[in-house]
**Q** 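Could you have a look at this structure, given as structure tokens, before my questions?
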2 protein chains.
Amino acid sequence: MSAASTPEPSRRDELLAIAARLFAEKGFKNTTVRDIADAAGILSGSLYHHFDSKESMVDEILIPFQDRLFGQYDEILASDDDARTKLERAVRVSFEAIEQHGPEVAIFQNDADYLGTFERFGYLADRNTQSRQVWVTLIEEGVRTGVLRPDLDVTLTYRFIRDTVWVAVRWYQPGKGHTHTEVADQYVRILLDGISS
Amino acid sequence: MSAASTPEPSRRDELLAIAARLFAEKGFKNTTVRDIADAAGILSGSLYHHFDSKESMVDEILIPFQDRLFGQYDEILASDDDARTKLERAVRVSFEAIEQHGPEVAIFQNDADYLGTFERFGYLADRNTQSRQVWVTLIEEGVRTGVLRPDLDVTLTYRFIRDTVWVAVRWYQPGKGHTHTEVADQYVRILLDGISS
DNA sequence: GTCTATAAGATGATAGAC
DNA sequence: GTCTATCATCTTATAGAC
């Protein structure tokens, strides 16, 4: 009963968190339902009381994460900030996503291609296109308004930024070494002004 | 007979090239020996006439590639160029490796972690350490000699460069769009001088 | 919500014929 | 150098008891 909005409450989310961690660590296909069940302290068959399939699990992990993330991007796009500030905010929001939702980011980075081969995960390609539009829009606005160099190849610049930001999920460890804010600070500085003295 | 230096000549290399392409595309573990055999037009059992195991195949793919690549890095490190030029050369050599040995780069980027769990592939972790040393050495030399900004976080700078350069293997397509030289030109310019106007 | 038991298919690898 | 045939194992998923 309770609030009528959340039919299944806690165990389900617990299992999803365990699955997300394993998918991120070993990849979706290389993680077996037995791995997930073992980590949860139950047997593999018992997982199917909670979820239809392994695919359903990764589906439930990715969708809410992406809704949140692209909501943040939309807010930045719609803001009154100048293009340079918007770009900086987009970078910071992305590093923050790595801090707060590392497994989700890693799964999207590593397994989107493979998952995309199933019709069910067609939305992953859409999200990829959407992400490209966000970054390209910001870069083009920067060039147009004169805050970014006019000789930039927009497509290559987009790819460099996207790659550097998202692949950081491979090495960034929350609570160890740098904070995500420090990482974002250093990257923004290098991206905007370069490493030359 | 022939030159006595190459016992098995051509079919073996042909099969390795097919395997490399598939490993790069779908990942090592997600590529089955049947996939490789199908692509080669033979049956899976026949592969074992040429190779001990799937692991042997990826071994033979990675080792000669890494020998070549790190030979190039060593040459740059030992050269008389100033630090800025050395760094630029290292970036260019890396993009060139993506052009010429895309599958090998992709396998190393995507599967080194997984393969590294087998003792047999311990050399992959060594190569990773060696790669880090190359980049960090070049960046530190640049800061010391004053050609790079003194406020750089060397470790973060290394990670940003490494990530951007190597992950390009995910999107770079030889013969389509930009050449590897154009990609390197644009990246070197952004890395050294930034995107701000 | 978890267990027992098991089906149905895929996978890496082998032995021996051609 | 490739094929036939096959094994042992692992994998996702299901049915029904507790």
Side-chain angles (χ1 to χ4, degrees), chain A residues 1-2 6-62 107 110-111 114-121, chain B residues 1-2 6-62 107 110-111 114-121:
Chain A
M1 315 295 173
S2 73
T6 39
E8 302 261 32
S10 192
R11 182 57 168 157
R12 189 185 180 79
D13 293 341
E14 214 172 289
L15 294 171
L16 281 178
I18 290 168
R21 185 170 50 77
L22 289 171
F23 290 156
E25 235 171 60
K26 325 184 355 158
F28 174 74
K29 195 160 182 200
N30 294 342
T31 302
T32 69
V33 293
R34 277 178 179 76
D35 290 334
I36 301 168
D38 282 355
I42 59 179
L43 293 187
S44 65
S46 306
L47 272 181
Y48 290 84
H49 172 73
H50 302 276
F51 306 98
D52 278 356
S53 65
K54 209 173 100 173
E55 288 173 26
S56 293
M57 300 188 78
V58 77
D59 225 354
E60 290 197 43
I61 290 164
L62 289 177
I107 296 166
N110 297 327
D111 292 315
Y114 169 72
L115 292 172
T117 61
F118 303 93
E119 324 77 42
R120 166 172 201 166
F121 293 102
Chain B
M1 315 295 173
S2 75
T6 37
E8 302 261 30
S10 190
R11 181 59 168 156
R12 189 186 181 77
D13 292 342
E14 215 173 288
L15 294 171
L16 282 178
I18 290 167
R21 185 171 49 76
L22 289 171
F23 290 156
E25 235 172 62
K26 325 183 355 157
F28 174 74
K29 195 158 183 203
N30 294 342
T31 302
T32 70
V33 293
R34 280 174 177 78
D35 289 336
I36 301 168
D38 282 355
I42 59 179
L43 292 187
S44 65
S46 307
L47 272 180
Y48 291 85
H49 172 72
H50 302 276
F51 306 99
D52 278 355
S53 64
K54 209 173 101 174
E55 289 173 26
S56 294
M57 301 189 77
V58 77
D59 224 355
E60 289 196 45
I61 290 164
L62 290 177
I107 295 166
N110 298 327
D111 291 316
Y114 169 71
L115 293 172
T117 61
F118 304 92
E119 324 77 43
R120 165 173 201 165
F121 294 102

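Here is the naming used below: chain letters follow the sequence lines, and residue numbers restart at 1 for every chain.
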**Q** Counting only side-chain N and O atoms of B:Tyr48, is one of them less than 4.0 Å from OP1 or OP2 of C:dT14?
**A**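 Checking C:dT14 against B:Tyr48, no side-chain N or O comes under 4.0 Å of OP1 or OP2.
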**Q** Identify, with sequence neighbours excluded, every residue that meets side-chain hydrogen bond (donor to acceptor under 3.5 Å, both in side chains) alongside B:Arg120.
**A** B:Ser56, B:Asp59
**Q** Looking at residues 53-60 of chain B, who's got a heavy atom less than 4.0 Å off DNA chain C?
**A** B:Ser53, B:Lys54
**Q** A:Asn30 has an atom CG; how far is it from atom C1' of C:dA10, in whole Å?
**A**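 Going from A:Asn30 (CG) to C:dA10 (C1'), I get 14 Å.
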**Q** Less than 3.5 Å apart, which donor and acceptor atoms pair up between the side chains of residues 35-48 of chain B and the rest of the protein, not counting sequence neighbours?
**A**
unit_1  : atom_1 : unit_2  : atom_2 : d
B:Asp35 : OD1    : B:Thr32 : OG1    : 3.4
B:Asp35 : OD2    : B:Lys26 : NZ     : 2.9
B:Asp35 : OD2    : B:Thr32 : N      : 3.0
B:Asp35 : OD2    : B:Thr32 : OG1    : 3.3
B:Ser46 : OG     : B:Leu43 : O      : 3.4

**Q** Measure CZ/B:Phe51 against C1'/C:dT14 and give the value in whole Å, please.
**A**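 In whole Å, C:dT14 C1' lies 17 Å from B:Phe51 CZ.
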**Q** side-chain hydrogen bond (donor to acceptor under 3.5 Å, both in side chains) with B:Glu14: which residues, sequence neighbours excluded?
**A** B:Arg11
**Q** Could you state the CG-P distance from A:Asp38 to D:dT12, rounded to the nearest angstrom?
**A**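 My rounded result for the distance is 12 Å.
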**Q** A:Phe28: what forms a ring-ring contact (aromatic ring centres under 6.0 Å, His included) with it, not counting sequence neighbours?
**A**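 A:Phe28: ring-ring contact (aromatic ring centres under 6.0 Å, His included) contacts with A:Phe23.
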**Q** Could you give the CG-to-P distance, from B:Leu22 to C:dT11, as a whole number of Å?
**A** 13 Å
**Q** With heavy-atom distances below 4.5 Å as the criterion, would you say the side chains of A:Met57 and A:His50 are in contact?
**A** no
**Q** Does B:Phe51 have any ring-ring contact (aromatic ring centres under 6.0 Å, His included) partners at least two apart in sequence or in another chain, and if so, which?
**A** none
**Q** Closest approach of B:Glu55 and B:Phe121, non-hydrogen atoms and distance?
**A**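 Where B:Glu55 meets B:Phe121 most closely, the heavy atoms are O-CZ, 3.6 Å.
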**Q** Can you tell me how far C1' of D:dA13 sits from CG of A:Asp52, to the nearest Å?
**A**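 Whole-Å distance recorded here is 11 Å.
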**Q** What pairs with B:Asp111 under salt bridge (Lys or Arg N to Asp or Glu O under 4.0 Å), at least two apart in sequence or on another chain?
**A** none
**Q** NZ of A:Lys29 versus C1' of C:dG9: gap in Å, rounded?
**A** 13 Å
**Q** For nucleotides 2-6 of chain C, list the nitrogen or oxygen atoms of the protein found under 3.5 Å from its nitrogen or oxygen atoms, one pair per line.
**A**
unit_1 : atom_1 : unit_2  : atom_2 : d
C:dT2  : OP1    : A:Arg11 : NE     : 3.1
C:dT2  : OP1    : A:Arg11 : NH2    : 3.1
C:dT2  : OP2    : A:His50 : NE2    : 3.0
C:dC3  : OP2    : A:Leu43 : N      : 2.6
C:dC3  : OP2    : A:Ser46 : OG     : 3.2

